[in-house]
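A quick write-up on the structure given underneath.
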Amino acid sequence: MAFEVSRRRIVVFGGASANSGLLQDTWALGPVYSAPILQAFGTGCGTQPLTLEAMTARGPVYASQFVTKVRNVPQGLAFMSLGVSNTTVGPLFLPFDLAGFGGTGGCMLYHDTAIELGSACAPAGSGEATHTFTVPNLPAITGLPVYLQAWAPDSTFNLLGLVTSNALRTTVGNN
């Protein structure tokens with residue numbers, strides 16, 4: 001028997017059976033492993049639509065940081081919203097067209113804002129910004145869906161004065 005540190009599990013090899021004698025079984029006991037999921041969906045709006053992308057090829061893992069980049073930020077200032085549903089926000093079905101609030105030009109809301117509505121992104125050069133989401137050190141959130149969408153002020157594009165990005169769908173992984 002041994003403890004496998006990298007996968008946080010106990011591994012047992014061998015055993016005995018009254019019928020078969022010595023066995024060559026391998027058994028492992030530990031957390032179920034789940035690879036993080038990452039998928040972009042929807043489109044941004046703006047004269048040059050905001051685009052949101054992950055800085056890594058995979059989604060977030062608990063007890064780590066998940067970094068995203070926002071491109072085509074019109075005035076150097078962008079914000080991130082995070083949620084857990086892409087089907088409803090209160091009584092509204094998603095995606096929700098923001099045209100009724102002055103957000104013409106294809107601006108859409110793709111998820112609820114159950115986690116965060118307006119976390120500031122850090123400027124990262126001309127027309128770009130980054131956002132760092134610290135994933136809590138809670139193994140129980142493995143498999144939790146997290147949706148991200150960026151938005152930025154732009155008083156010249158529509159009456160709402162905002163432009164939005166595409167969205168990212170992720171699930172929190174543990175490896």
Side-chain angles (χ1 to χ4, degrees), residues 34-138 141-175:
S34 175
I37 295 173
L38 176 64
Q39 177 185 36
F41 67 97
T43 58
C45 69
T47 304
Q48 290 186 330
L50 288 183
T51 58
L52 176 62
E53 60 190 50
M55 296 294 289
T56 61
R58 58 189 229 152
V61 176
Y62 75 83
S64 69
Q65 292 187 326
F66 182 65
V67 182
T68 55
K69 180 175 273 192
V70 184
R71 296 186 190 277
N72 301 323
V73 177
Q75 298 169 7
L77 185 61
F79 299 89
M80 188 67 62
S81 62
L82 291 92
V84 294
S85 173
N86 71 338
T87 57
T88 60
V89 56
L92 305 174
F93 291 100
L94 298 170
F96 182 77
D97 189 342
L98 296 172
F101 296 96
T104 56
C107 294
M108 305 292 286
L109 176 64
Y110 288 110
H111 65 80
D112 69 354
T113 56
I115 299 174
E116 208 166 25
L117 173 62
S119 176
C121 298
S126 179
E128 295 185 348
T130 61
H131 180 265
T132 301
F133 170 52
T134 300
V135 185
N137 186 9
L138 299 170
I141 65 173
T142 299
L144 177 75
V146 178
Y147 298 89
L148 297 92
Q149 184 176 14
W151 54 277
D154 186 352
S155 60
T156 65
F157 183 68
N158 56 33
L159 293 176
L160 182 61
L162 294 176
V163 293
T164 61
S165 74
N166 60 296
L168 293 179
R169 173 188 180 268
T170 67
T171 58
V172 177
N174 62 359
N175 62 0

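Only this structure's heavy atoms are used, side chains among them; waters, hydrogens and symmetry mates stay out.
- Put simply, the side chain of Leu109 reaches to within 4.5 Å of the side chain of Leu94, judged on heavy atoms.
- Residue Met108 holds its CE atom at 9.0 Å from CD of Gln149, rounded to the nearest 0.5 Å.
- For an aromatic pair to be called close, the ring centres must be under 6.0 Å apart, and Phe41 with Tyr110 satisfies this.
- With Cys107 as the fixed residue, the side-chain contact (heavy atoms from CB on, under 4.5 Å) test singles out one of Phe101, Phe96, Phe157, Trp151: Phe157.
- The shortest heavy-atom contact between Leu52 and Ser165 is CB-OG, 3.6 Å.
- Expressed to the nearest 0.5 Å, how far CG of Asp154 lies from CG of Leu77 amounts to 11.5 Å.
- Within the 4.5 Å cutoff, the side chain of Leu50 has heavy atoms near those of the Pro74 side chain.
- Residues Pro153 and Phe79 approach most closely at CD-CE1, 4.2 Å, considering heavy atoms.
- For Leu148 against His111, the heavy-atom pair with the smallest separation is C-NE2, 3.6 Å.
- Contact record, Cys121 with Ala129: CB-CB, 3.7 Å, taken as the closest heavy-atom pair.
- Distance alone, capped at 3.5 Å, is enough to place a donor-acceptor pair between the Thr170 side chain and the Val146 backbone.
- With hydrogens and angles ignored, the 3.5 Å screen pairs no side-chain donor or acceptor of His131 with any backbone N or O of Val70.
- Leu82 CG to Tyr147 OH: the interatomic distance, rounded to the nearest 0.5 Å, is 12.5 Å.
- Considering CZ of Arg169 and CD of Gln39, their distance stands at 6.0 Å, rounded to 0.5 Å.
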**Asked** Could you go step by step and tell me if Val61 and Val135 meet the side-chain contact (heavy atoms from CB on, under 4.5 Å) rule?
**Response** CA-CA 7 Å; Val61 176; Val135 185; over 6 Å; no
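- In this structure, Tyr62 and Asn137 have side chains that are in contact, with non-hydrogen atoms separated by less than 4.5 Å.
- A 4.5 Å side-chain heavy-atom check between Leu138 and Val172 finds every atom pair outside the cut-off.
- The OG1 atom of Thr56 sits 12.0 Å away from the CD atom of Gln65 when rounded to the nearest 0.5 Å.
- Of the inter-residue distances, the one linking Arg71 atom CZ with Asn166 atom CG reads 11.5 Å to the nearest 0.5 angstrom.
- Heavy atoms from other residues, nucleotides or ligands lying under 6.0 Å from CD of Glu53 number more than 12.
- Within the 4.5 Å cutoff, side-chain heavy atoms of Val84 are placed close to those of Ile115.
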